[in-house]
Amino acid sequence: MNFSGFFVELKSENMFTQSIWNAYGVQQDFFELKKDIEVEVAIVGGGITGITTAMLLKEQGREVAVFEAREVGKGTSSHSTGNLYSITDELLSPLKSKYDIDTVREVVEARKSAAGLIEQSIVKYKIDCDYKKQPLYLFNTDDKKDIGQEREIARDAGLEILSLPDDFPVEAKEGFSIQGQAQFNPLLYIQGLAAEIEGGNCNIYENTRVRKIEEKEGHYLLHTTSGVVRAKYVVQATHTPKGVELQYHTVLGPYREYGIAAKLDNDNYPEGIFWGYFNGDKYSFRSYTRNGESYLLCVGRPHKVGQAVDNREHIKELTSFAQNHFAIKEIICKWGGQNYKPADLLPYIGRKTSNSKELLATGFSTDGLVYGTLSAIINTDIIVGKENRWEEMFKASRHQPGKAAGKFAKENLDVASQMLKDWLFKGEDAELSSIQPGESKVLVRDNKKVAVHRTTSGELKAFSAVCTHMGCVVNWNNAEKSWDCPCHGTRFDMDGEVLEGPAFEPLPRIKE
Ligand SMILES: Cc1cc2nc3c(=O)[nH]c(=O)nc-3n(C[C@H](O)[C@H](O)[C@H](O)COP(=O)(O)OP(=O)(O)OC[C@H]3O[C@@H](n4cnc5c(N)ncnc54)[C@H](O)[C@@H]3O)c2cc1C
């Protein structure tokens, strides 16, 4: 693989978010929607959730169209670590404490089934995405994180557990392995699926952003940037529901986490999925090999979206971690990725309200390659009227105040305090000329908060700093060059357009 072009891009300030998957992705050009259309099922979002849902519905003979704001697979799915496992990022003991061992077993079974669908689809469609069975190693290196119960709970949930091997690459205090997990290149998988299913009763549109979803006379109207879509069903496969959906946004905590891919000085690329706790912090690492080139991938250093004082510090800390534990020769890629943590530890999948034909798939934490696939299975069954064993457990419209209370209170208190703090104190009374190339500030002008960025070439870009979702004031993300909302996680690019998160509308440009 010739990385020279990729390196040049990476070094320019806007290419921070290129993941290793992007370096190996293929060029796919699906058409932009150019006219009004009618379709049975409209899927908003072309990540793993949207494309898998389209595949399953097409296989059931349904007429379906996917509307992707940017490019298929290039959202969070291609900013992940590409691991497929049956446990969850938060581990199984919190799930058992909140629910019981039967719920843990069902979650594990549901996730196994979804991971199984990924494997079957790769075989069925012969997708070249470096799929490999691997063990998952869960371990700690000190007393700061207790993982003592995890082995027993995982075994009780039906997973095959082994001790850590003698040649384990890290000095672990305690740990074990879970057999039969897997890894792949998520972007090549999604792109492979998309290429297979496009055509016939399934159309995929790229660069087609949905700006509004309206329910009218038993149908839905999706107002996109280039046409109106009339549909009987809508699946929001947008990672988090779009628009003001308080029932959901008050129970989801938006977090950002970082990844790096590096070449090593030696050939000791570790094989497997590694989840380790170092000084109480979790780091995930794995290796990836394609076309004879190997890389070490490291992921960690999470924080709430829009609330890091200095985003670059997080990536520096991640890099130091990697350098302390591996013979790093060169960092090839750095990227950030978003996740939405559900207050009651389970994702929200299914009808938006009890009889609605608008379906959701969200709250995946960092487990959504599998949960997104599970959502596709459940939402397809709902649409075709087939009973699904897991529909009730993950029901989006569930209300579990007892289970969600602690995190619900914490997240909402955080949102309220951010709003208050930002409206009262954020914003400087500085001159525009004081903003240096590459710098950004929230200024106060005529009592309005203005987000100003001066590009490295000196151009000033100014927008209202008020998030178009629910009115919080955005913060500058100095690593990924975006305006990030600290309340519900919408991120806007340097031109004010929505990158991800619940807002439909861009930040209004200020012309002066
Ligand atoms: C650092 C990190 C590591 C992770 N590692 C793993 C892992 O190893 N294993 C795992 O299972 N999970 C992992 N995850 C989680 C996983 O990546 C996500 O949960 C999953 O990719 C979500 O898929 P999705 O299709 O729902 O969302 P996305 O992949 O984000 O797709 C949503 C799509 O919707 C589009 N969209 C949004 N708004 C609109 C609109 N208005 N109109 C049209 N289109 C729109 C977006 O452009 C995007 O392409 C990780 C997450 C992070 C952050």
Side-chain angles (χ1 to χ4, degrees), residues 21 25 28 30-33 37 39-60 62-80 114 117-118 121 125 127 186-199 201-211 213 220 222 224-225 229 231-243 337-340 347-350 352 357-364 368-384 396 498-502 504:
W21 316 123
Q28 285 189 312
F30 295 108
F31 292 118
E32 183 184 338
L33 182 72
I37 60 164
V39 67
E40 186 188 0
V41 187
I43 298 172
V44 189
I48 196 164
T49 307
I51 295 298
T52 314
T53 310
M55 171 189 81
L56 293 176
L57 285 166
K58 181 176 182 175
E59 286 174 356
Q60 295 283 325
R62 299 302 169 118
E63 191 202 17
V64 52
V66 179
F67 304 95
E68 165 54 49
R70 291 168 186 265
E71 290 175 76
V72 162
K74 299 208 175 158
T76 309
S77 298
S78 64
H79 292 78
S80 68
L117 175 66
I118 294 174
S121 306
Y125 294 119
I127 300 174
L187 181 58
L188 285 179
Y189 171 69
I190 298 164
Q191 290 186 323
L193 272 191
E196 276 299 327
I197 64 172
E198 160 53 51
N201 57 346
C202 173
N203 289 307
I204 299 174
Y205 299 94
E206 286 187 329
N207 301 310
T208 303
R209 181 179 293 276
V210 174
R211 285 266 192 239
I213 301 172
Y220 291 91
L222 279 71
T224 78
T225 31
V229 181
K232 201 166 154 195
Y233 287 92
V234 179
V235 181
Q236 282 211 38
T238 46
H239 205 193
T240 189
K242 302 300 285 190
Q338 195 128 317
N339 75 87
Y340 299 89
Y348 298 89
I349 303 169
K352 189 163 112 180
K357 290 184 176 168
E358 186 174 354
L359 310 179
L360 304 180
T362 191
F364 298 156
L369 297 172
V370 173
Y371 272 144
T373 305
L374 179 68
S375 304
I377 299 171
I378 295 176
N379 283 338
T380 298
D381 284 349
I382 292 173
I383 291 169
V384 303
V498 177
L499 280 171
E500 60 188 314
F504 272 119

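With rounding to the nearest 0.5 Å, the separation of CG in L374 from CG in N379 is 9.0 Å. Distance check, rounded to the nearest 0.5 Å: CG of L369 to CZ of F364 gives 10.0 Å. The structure places CH2 of W21 at 11.0 Å from CD1 of I190, a figure rounded to the nearest 0.5 Å. The CD1 atom of I382 sits 9.5 Å away from atom OG of S375, with the distance rounded to the nearest 0.5 Å. Separation of atoms CD (E206) and CZ (R70) is listed at 12.0 Å; rounding is to 0.5 Å. Atom OG1 in T373 sits 6.5 Å away from atom CG in L117 (nearest 0.5 Å).
Across L187 and G25, no two heavy atoms sit closer than the pair CD2-CA, 3.7 Å. The shortest non-hydrogen separation linking A195 to F30 is N-CZ, 4.4 Å. Residues S80 and P186 come closest through the heavy atom pair OG-CG, 3.6 Å. L193 approaches S121 most closely through the heavy-atom pair CD2-CB, 4.1 Å. Of all the heavy atoms in L222 and A42, the pair that sits closest is CD2-CB, 3.8 Å.
Counting only distance, with no hydrogens or angles, the side chain of T380 and the backbone of L56 share no donor-acceptor pair below 3.5 Å. Looking at T362, its side chain does come within 3.5 Å of a backbone N or O of H239 through a donor-acceptor pair. Listed for the S77 side chain is a donor-acceptor partner under 3.5 Å among the backbone atoms of I48. Remark: the backbone N or O of G73 is paired with a side-chain donor or acceptor of S78 at under 3.5 angstrom. Judged by distance alone, the side chain of R211 and the main-chain N or O of F504 form a donor-acceptor pair under 3.5 Å. No side-chain donor-acceptor contact under 3.5 Å links K74 to the backbone of H79.
A heavy-atom distance below 4.5 Å is found between the side chains of I197 and I204. Side-chain contact between I127 and Q191 is absent, with no heavy atoms from C-beta onward closer than 4.5 Å. Taking 4.5 Å as the limit, some side-chain heavy atom of E198 sits within range of a side-chain heavy atom of N203. Two residues are said to be in side-chain contact when any heavy atoms from C-beta on lie closer than 4.5 Å; L499 and Q338 fail this criterion. The closest side-chain heavy-atom distance from V72 to Q28 is below 4.5 Å.
A side-chain N or O of Q236 and one of E358 form a donor-acceptor pair less than 3.5 Å apart.
Remark: Y233 engages V41, K357, I383 in a side-chain contact (heavy atoms from CB on, under 4.5 Å) (not counting sequence neighbours). Under the side chain to side chain donor-acceptor pair (under 3.5 Å) criterion, E40 pairs with R62, sequence neighbours left out.
Ring orientation note: the planes of Y205 and F67 are close to parallel, at an angle under 30° on the 30°/60° scale.
Screening residues 41-59 for side chain to side chain donor-acceptor pair (under 3.5 Å) gives E59-K124, E59-Y125 as the qualifying pairs, with residues at least two apart or on separate chains.
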